[in-house]
Amino acid sequence: MNITFPDGSVRVFDDGINALAIAEAISPRLKKATLAAELDGELYDASLPIHGDHTLKLLTFADEGGRWAYRHTGSHILAQAVKRLFPEVKLAIGPAIDNGFYYDFDTDRPFSPEEILAIEKEIAKIVSENLPLERFELPRQEAIEYVEKLGETYKAELIRDLPEDAIISFYRQGEFVDLCAGPHVESTGKVKNIKIMSIAGAYWRGSEKNKMLKRIYATAFEKKADLDAYLTMLEEAKKRDHRKIGKELGLFTIMDEGPGFPFFLPKGMVLKNTLIEYWREVHKRYGYVEISTPIILSRQLWETSGHWDHYKENMYTTLIDEEDFAVKPMNCPGGMLVYKSEMHSYRDLPLRMGELGLVHRHELSGALHGLFRVRCFTQDDAHIFMTWEQMKDEIKNVVRLFDEVYSVFGLKYSIELSTMPESHIGDVKDWDFATEMLRLAVTEMGKDFEVNEGDGAFYGPKLDFHLADCLGRTWQCGTIQLDMQLPERFDLEYVGQDGLKHRPVMIHRVVFGSIERFIGVITEHFAGAFPTWLAPVQVSVMAMTDRTAEAVVDVKAQLEAAGLRVETDLRNEKIGFKIREAQMQKIPYMLIIGDKEVENGVVAVRSRKGGDLGTMTLEDFLAKIQSEVNEKL
């Protein structure tokens, strides 16, 4: 049989050979590193025979598919260890996830710290036993009877949901058998460095109507050094948790009276408004106009947009004058009405309309997480109405705006192009054109991107921007979404050069994604030590003694007159104590004024980053800090 490799080379192998043997024929080192295979683009067990001609990619831990197989096998090892120690426990599901895996168990056992240590010890034993993972298949009814005999009722339920003619696959490792589609690595001995991370509750199949199960989260790395680095990163992330920092710095709070509805405190509002001011300044330069649309709109609008039929479970609804209304979960339909409120000419296009709209979405209480997952947030939307000929240039314009904004915060990004899904609406030729425009726009700008086949919205392809923070974590914030359908649904038109009416095409796009979530991201990225231009308090002016209090107040007034955000510290405390507190509050600059400073007409300057900067005139300090603010440093 002929095997084609990713570089285009073709080699002939005996029919029935497996990927591990193919890897060994290339290099014994490659065989050792191979965890799974990609056969004609699909994940495949490296230990299973291959028949016929195929394209083949050998997957190692450096590949996403290799890591997935490695960690998925880790979930089976975890489940086997739990069943060995606690045979009465029933198994639910155990997939690989980003950076690890989990397994859900039906048990009343709390899994104490001592029991977790015992599970980890048993995991190490199973790894040392180097048990081969063997795949076997059964017809659906036999599979149901098989798992029922094992007492695994959750597995039986999963199988019953499959078609009657389905062939069900299982994996066996020693005495342990689990329902699974695979793939897996060839033996338990290949999965090193497994670490249990945490325990949580999870409803069976994600429904609050079902039983709460115990979920054990874990991770696994090929190299112990990589596991150690990951654990160190998590410890640093804990210190940077925006919920912890938000409380310490007095930025925001979540109260029992409003779960998922954040309260912004005075300093948090300064931060939020500074972001919004920057958003407005950038969008004005890029040719946007700003609009505002109502928070509550009629059912008829949401039926026209399609949200009433496809998104209603996530919407808050109400009755007004005995008619159905909904609190908006997104700004788009209101933006359509604004466009439609007057006739447009081709000379008006592209029309770029930005909106900082407060939206509400119903989220399950268990999914809420600080500012990252809330029930109301300010979406920094923009809708661009344009001709098809203007599409590529408008995409480039948006990418340039994203590039400018993200670089200000020191956030690097990667781009993902999501193409037409199987379930879509609209002509394929329009999809092909729009997708090609997205591809050409980023290519001509010299940007790299990955293609996410079939993951576009049902109404158009999109570009997603994944931001990387200082710890290397990624956050999906910016999106450029082409939409050929809403203009059709809302019957939007413009008068062309030919005097006839034409349908515009549009872009939905967000830069921050949500102001609240972006605040959470940058709080963790900067660990609360915001750059000077963004800091809620930019300067703390401190009195050495009561004698210099008047001078402190005067300096504060001059700094505020120059547009800076200033606090004073006139407390009868030692100056070292005041400095430490200002450092804890992450204030960029501290000005200390004692008798000498008053006498010489200077201020003693301390920097959050640089420590003691010596004395300087107030004018020199103002020039320094204003330069940082103006340059967004």
Side-chain angles (χ1 to χ4, degrees), residues 252 257-264 269 272-273 275-277 279-280 282-284 287-344 348-363 371 373-386 457 459-460 479 481 483 485-494 504 506-519:
F252 73 92
E257 292 82 357
F261 300 95
F263 287 68
F264 275 85
M269 278 306 298
K272 186 176 181 180
N273 286 334
L275 277 177
I276 289 172
E277 287 164 11
W279 184 94
R280 287 192 167 120
V282 170
H283 283 74
K284 185 176 181 181
Y288 288 76
V289 294
E290 187 175 353
I291 64 169
S292 177
T293 62
I295 289 178
I296 299 177
L297 292 162
S298 72
R299 171 177 176 167
Q300 181 183 1
L301 175 74
W302 303 109
E303 286 176 336
T304 302
S305 69
H307 291 93
W308 194 267
D309 294 328
H310 301 290
Y311 202 72
K312 187 168 181 284
E313 69 276 8
N314 295 102
M315 296 166 65
Y316 296 108
T317 60
T318 186
L319 279 174
I320 300 177
D321 296 334
E322 299 183 358
E323 291 187 18
D324 288 324
F325 281 71
V327 180
K328 67 178 180 182
M330 51 196 67
N331 301 308
C332 320
M336 304 304 104
L337 295 184
V338 171
Y339 179 91
K340 200 172 179 179
S341 66
E342 59 180 299
M343 179 55 68
H344 295 280
D348 301 326
L349 305 183
L351 176 57
R352 309 179 188 105
M353 298 194 307
E355 178 173 13
L356 294 161
L358 185 64
V359 301
H360 292 71
R361 298 178 186 177
H362 177 62
E363 299 280 359
L371 297 180
R373 185 65 69 89
V374 292
R375 287 171 169 159
C376 76
F377 54 93
T378 306
Q379 197 165 42
D380 66 313
D381 258 324
H383 299 101
I384 303 171
F385 302 90
M386 61 197 170
Y459 50 80
T479 297
Q481 173 74 66
D483 189 346
Q485 306 310 320
L486 271 187
E488 187 75 30
R489 280 177 175 262
F490 281 89
D491 194 26
L492 304 186
E493 296 175 331
Y494 70 92
M506 64 175 290
I507 289 175
H508 306 256
R509 48 111 294 204
V510 291
V511 187
F512 297 142
S514 115
I515 300 291
E516 289 76 6
R517 185 168 184 267
F518 194 76
I519 287 173

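The first residue in the sequence is number 1, and the count goes up from there.
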Identify the two heavy atoms, one from [X] and one from [Y], that lie closest to each other, and give their separation to 0.1 Å.
X	Y	answer
Pro487	Met506	CG-CG, 3.7 Å
Tyr288	Gly354	CD2-N, 4.3 Å
Arg489	Thr304	NH1-O, 2.9 Å
Leu371	Pro262	CD2-CB, 3.7 Å
Gln379	Gly513	CG-O, 3.4 Å

Ring geometry between Phe252 and Phe264 (parallel below 30°, tilted from 30 to 60°, perpendicular above 60°): tilted
I want to check something: taking the side chain as every heavy atom from C-beta on, are [X] and [Y] in contact at a cut-off of under 4.5 Å?
X	Y	answer
Val511	His283	yes
Met386	Tyr494	no
Val327	Met315	no
Lys340	Leu492	yes
His508	Leu486	yes

Give, for atom [atom1] of [X] and atom [atom2] of [Y], the distance between the pair rounded to the nearest 0.5 Å.
X	Y	atom1	atom2	result
Glu363	Asn314	CD	CG	6.5 Å
Ile507	Thr479	CD1	OG1	12.0 Å
Glu488	Asp483	CD	CG	11.0 Å
Met353	Thr293	CE	OG1	9.5 Å
Ser305	Met330	OG	CE	8.5 Å
His383	Arg509	NE2	CZ	9.5 Å

Phe512 and Ile519: side-chain contact (heavy atoms from CB on, under 4.5 Å), yes or no, with the steps? CA-CA 9 Å; Phe512 297 142; Ile519 287 173; over 6 Å; no
Verify the neighbour count for atom CD of Gln300: are there more than 12 heavy atoms of other residues, nucleotides or ligands below 6.0 Å? no
Does Glu313 CD have over 12 foreign heavy atoms under 6.0 Å away? yes
[Y] backbone acceptor or donor facing [X] side chain under 3.5 Å:
X	Y	answer
Gln485	Gly460	no
Lys328	Gly357	no
Tyr339	Glu493	yes
Glu355	Gly335	no
Glu516	Thr378	yes
Asn331	Asp381	no
Arg299	Glu323	no

Start with the C-alpha gap between His362 and Arg375, add the side-chain angles, then the distance that decides, and say whether side-chain contact (heavy atoms from CB on, under 4.5 Å) holds. CA-CA 6 Å; His362 177 62; Arg375 287 171 169 159; 4.2 Å; yes
For Ile276, what residues pass the side-chain contact (heavy atoms from CB on, under 4.5 Å) criterion, not counting sequence neighbours? Lys272, Asn273, Arg280, Leu356, Ile515
If the test is side-chain contact (heavy atoms from CB on, under 4.5 Å), which one of Trp308, Tyr311, Phe325 qualifies with Trp302? Trp308
Report the C-alpha separation of Asp324 and Thr317 in whole Å, then their side-chain angles, then the decisive distance to 0.1 Å, and conclude whether the side-chain contact (heavy atoms from CB on, under 4.5 Å) test is met. CA-CA 7 Å; Asp324 288 324; Thr317 60; over 6 Å; no
